[in-house]
Amino acid sequence: YQHIPLIVISADRPAEWIDQADGQTIRQVGALKNHIKAEGQLNGNPSNASEKWYNERSINEVINSALTAPFGPVHINVPLNEPLYNQVEKPAVSVKNIERVAVSRSLTNETKTRLINTLKNIGHVFVLAGLQSNNETLQKLLSNLVESRKVTVFTETTSNLHHPDFVTCIDRTIEGLTEDDNQKLKPNLLITIGGPIVSKKIKFWLRKNTAEQHWHVGHQPTDTYMCLTHHLDIEPEELLELLDVLPTNNSASKKWVEISRENRLAHQTFVDQVPFSDMFVFNQINQTLPENAVVQQGNSSVVRYMQLYDWKAGQTFYGNRGTSGIDGSTSTAVGFATQTDKPVVMITGDISFFYDSNAFFHQHVPDNLKVILINNQGGSIFRIINGPSGTNELERYFESHHQFNAKGIADAYSVDFKSIDQQNQVKSALEDLYQSKKATILEICTPRFENDQVLKDYFRAIKTN
């Protein structure tokens with residue numbers, strides 16, 4: 001769901017042994033069919049030129065599918081005949097390579113003219129940016145548009161876009177809107193770029209305060225806000241260049257920037273005096289995080305707290321936001337850290353961390369990996385969500401309360417470890433973590449019962465600002 005061209009190669013047993021009670025033999029053909037773009041089932045024992053050609057052609061087709069937009073995972077299944085050992089290597093004389101020739105996708109002049117005519121009369125334009133890597137061209141285009149108040153730009157941490165007049169913390173910005181505000185500030189045109197959006201509040205707000213038109217820019221049409229009118233399979237820069245025809249000083253755009261600034265001040269007033277809690281820890285992370293850090297965010301509470309803070313432009317943020325599950329977050333961080341010299345900071349909750357603890361079960365954990373484990377003894381997000389928090393089953397069936405810590409895991413995998421549970425220890429422990437020369441886990445134990453109340457008080461303070 002993040003459109004990553006992952007190539008899965010699986011070893012299999014010969015087809016004749018499937019369902020015959022033979023060891024390690026299951027039905028692997030089609031096992032991933034609902035989650036992949038293409039599958040190749042190879043001949044495990046090609047005995048002639050045609051069968052060899054079939055295998056090589058299948059491999060080319062599947063890999064090229066992964067690398068063709070919309071990108072995505074593929075599966076190559078390789079059945080192997082016994083004996084598997086004491087075989088003689090015979091180098092291939094040649095390998096068939098079917099080159100994938102890239103083609104550009106662009107708007108026709110006729111389409112550009114039609115879109116420009118619409119833009120000249122559309123009113124308030126709202127650009128919502130989701131998960132994506134750093135993009136300097138996109139950054140410059142959006143900055144120019146927002147400085148002239150031609151559009152309102154909403155971003156999330158994972159969009160990796162920065163400007164003082166971007167609405168960066170969506171949840172806190174829309175918290176205090178009145179019904180009158182909703183009508184005056186809703187978009188006439190919604191333009192969405194990038195991948196998944198974290199904020200549920202903006203999803204519900206846009207579904208309720210429907211735009212007249214929604215243009216989604218990307219390889220696949222997604223109608224998240226139930227008002228999609230145009231799907232543009234182009235790069236977002238091409239469309240954003242057309243927005244220059246919009247009039248300057250749009251009143252709704254100016255108002256959104258004012259609200260964002262006011263809520264930013266209210267946010268700072270609250271966090272300056274916040275008691276020891278998850279929110280206190282995130283505030284300390286916000287103040288101490290290295291300017292060149294690459295942050296891998298865990299899901300659930302972590303990624304939501306991260307959206308409440310403004311971050312520095314040199315910092316880069318990623319997260320497994322395809323379907324927002326907790327599994328694999330730490331493994332992604334470890335893998336990413338092996339491919340960069342920058343400090344990679346994994347910020348994770350306890351359930352996510354323990355669930356994926358085998359991320360360290362190898363000999364390649366890089367020294368630049370720094371893990372901030374916020375341990376509040378359970379899935380505290382369910383104390384925040386209205387439904388589970390109001391039931392008698394919260395602790396037993398939703399929260400997964402535990403009393404575990406990460407020391408044993410760190411010891412087992414020879415990773416440096418420190419655990420703290422006091423407010424006055426947090427800042428210095430974070431600074432020590434960033435300076436550490438080895439892969440390190442910093443476990444910060446926060447009070448289990450206070451976190452949800454602090455967050456509710458925060459939104460109450462923003463709302464009454």
Side-chain angles (χ1 to χ4, degrees), residues 2-12 24 32 35-36 63 66-67 71-78 80 84-85 89 131 133-134 158 160 285 289-299 302-303 315-322 325-375 404-419 429-444:
Q2 292 194 70
H3 304 297
I4 295 171
L6 177 69
I7 299 170
V8 179
I9 303 174
S10 59
D12 200 358
Q24 298 189 10
L32 305 177
H35 311 285
I36 56 176
I63 292 176
L67 300 174
F71 309 110
V74 295
H75 179 199
I76 300 172
N77 193 48
V78 187
L80 300 172
L84 300 175
Y85 311 103
E89 289 189 16
L131 184 150
S133 298
N134 288 317
T158 51
N160 290 300
I285 294 171
L289 189 69
E291 293 192 3
N292 66 335
V294 176
V295 178
Q296 290 285 347
Q297 303 167 89
N299 280 319
V302 167
V303 74
Q315 298 162 345
T316 309
F317 298 86
Y318 296 101
N320 289 357
R321 296 301 298 172
I326 65 170
D327 38 326
S329 296
T330 310
S331 294
T332 299
V334 174
F336 197 105
T338 66
Q339 301 301 308
T340 180
D341 294 328
K342 292 182 178 182
V344 174
V345 181
M346 172 65 188
I347 306 174
T348 180
D350 46 290
I351 300 297
S352 296
F353 178 83
F354 293 126
Y355 190 90
D356 194 25
S357 60
N358 64 348
F360 301 100
F361 190 62
H362 51 85
Q363 305 299 317
H364 312 288
V365 179
D367 293 336
N368 61 328
L369 178 69
K370 316 300 174 189
V371 178
I372 301 173
L373 164 58
I374 301 171
N375 189 343
F404 303 134
N405 65 64
K407 186 177 187 308
I409 292 172
D411 289 345
Y413 300 125
S414 300
V415 177
D416 284 2
F417 175 78
K418 183 175 182 178
S419 182
L430 287 169
E431 291 171 344
D432 290 345
L433 174 72
Y434 305 139
Q435 296 298 320
S436 61
K437 302 300 183 184
K438 287 185 58 181
T440 304
I441 299 169
L442 171 62
E443 181 179 59
I444 306 176

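Side-chain atoms are counted along with the backbone in the values below, which use heavy atoms only and exclude waters and symmetry mates.
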A.B. asks: To the nearest 0.5 Å, what is the distance between CG on Asn358 and OH on Tyr413?
C.D. replies: 6.5 Å
A.B. asks: Would you say that Ile372 contacts Thr348 through its side chain, given a criterion of any heavy-atom pair below 4.5 Å between the two side chains?
C.D. replies: no
A.B. asks: Give a yes or no on whether Asp341 atom CG has more than 12 heavy-atom contacts from other residues, nucleotides or ligands under 6.0 Å away.
C.D. replies: no
A.B. asks: With a 4.5 Å cut-off on side-chain heavy atoms, are Lys370 and Ser436 touching?
C.D. replies: yes
A.B. asks: Please find the pair of heavy atoms, one from Glu443 and one from Ser419, that lie closest to each other, and give the distance.
C.D. replies: OE1-OG, 3.0 Å
A.B. asks: Among side-chain atoms of Thr316 and Asn134, is any donor-acceptor pair under 3.5 angstrom?
C.D. replies: yes
A.B. asks: Can you give me the closest heavy-atom contact between Val302 and Gly349, atom names plus distance?
C.D. replies: CG2-N, 3.5 Å
A.B. asks: Between the main-chain N or O of Thr330 and the side-chain N or O of Asp356, is there a donor-acceptor pair closer than 3.5 Å?
C.D. replies: yes
A.B. asks: Working to the nearest 0.5 angstrom, can you tell me the gap between Phe354 CZ and Ile409 CD1?
C.D. replies: 5.0 Å
A.B. asks: Sub-3.5 Å donor-acceptor pair from the side chain of His3 to the main-chain atoms of Phe71, do we have one?
C.D. replies: yes
A.B. asks: Which value, rounded to the nearest 0.5 Å, describes the distance between Phe360 atom CZ and Ser331 atom OG?
C.D. replies: 8.5 Å
A.B. asks: Please give me the minimum heavy-atom distance between Ala439 and Val415, naming the atom from each residue.
C.D. replies: O-CG1, 3.3 Å
A.B. asks: Side-chain contact, heavy-atom cut-off 4.5 Å: Asn368 with Thr340?
C.D. replies: yes
A.B. asks: Please step through side-chain contact (heavy atoms from CB on, under 4.5 Å) for the pair Ile63 and Val74, ending with a clear verdict.
C.D. replies: CA-CA 7 Å; Ile63 292 176; Val74 295; 5.5 Å; no
A.B. asks: Are the side chains of Phe417 and Thr440 in touch, meaning some heavy atoms are under 4.5 Å apart?
C.D. replies: no
A.B. asks: Measure the NZ-CD distance between Lys342 and Gln315 for me, rounded to the nearest 0.5 Å.
C.D. replies: 10.5 Å
A.B. asks: So which atom in Pro73 and which in His35 form the shortest heavy-atom distance, rounded to 0.1 Å?
C.D. replies: CG-O, 3.4 Å
A.B. asks: Around atom OH of Tyr355, are there more than 12 heavy atoms from other residues, nucleotides or ligands closer than 6.0 Å?
C.D. replies: no
A.B. asks: Go through the side-chain N and O atoms of His364 and Thr338 and say whether any donor and acceptor fall under 3.5 Å apart.
C.D. replies: no
A.B. asks: Given side-chain contact (heavy atoms from CB on, under 4.5 Å), test Val344 with Gln296 step by step and report yes or no.
C.D. replies: CA-CA 7 Å; Val344 174; Gln296 290 285 347; 4.2 Å; yes
A.B. asks: Output the distance between atom CZ (Phe353) and atom CG (Asn405), rounded to the nearest 0.5 Å.
C.D. replies: 10.0 Å
A.B. asks: Do you know the tightest heavy-atom contact between Ile7 and Ala66?
C.D. replies: CG1-CB, 4.4 Å
A.B. asks: With side chains defined as the heavy atoms from C-beta onward, is the minimum distance between His362 and Val334 less than 4.5 Å?
C.D. replies: yes
A.B. asks: Is any side-chain heavy atom of Leu442 closer than 4.5 Å to one of Val371?
C.D. replies: no
A.B. asks: Look up atom OG in Ser352 and atom CG in Asn320, then write down how far apart they are to the nearest 0.5 Å.
C.D. replies: 10.0 Å
A.B. asks: So Leu373 and Ile444, do their side chains get closer than 4.5 Å, heavy atoms only?
C.D. replies: no
A.B. asks: Looking at side-chain heavy atoms only, is the closest gap between Ile441 and Asp416 below 4.5 Å?
C.D. replies: no
A.B. asks: Using a 3.5 Å distance criterion without hydrogens, assess whether the side chain of Gln297 forms a donor-acceptor pair with backbone atoms of Tyr318.
C.D. replies: yes
A.B. asks: What is the minimum heavy-atom distance between Leu369 and Ala337, and which atoms define it?
C.D. replies: CB-CB, 4.2 Å
A.B. asks: Val345 and Val294: side-chain contact (heavy atoms from CB on, under 4.5 Å), yes or no, with the steps?
C.D. replies: CA-CA 6 Å; Val345 181; Val294 176; over 6 Å; no
A.B. asks: Taking CD in Gln435 as the centre, count heavy atoms belonging to other residues, nucleotides or ligands within less than 6.0 Å. Is the count above 12?
C.D. replies: no
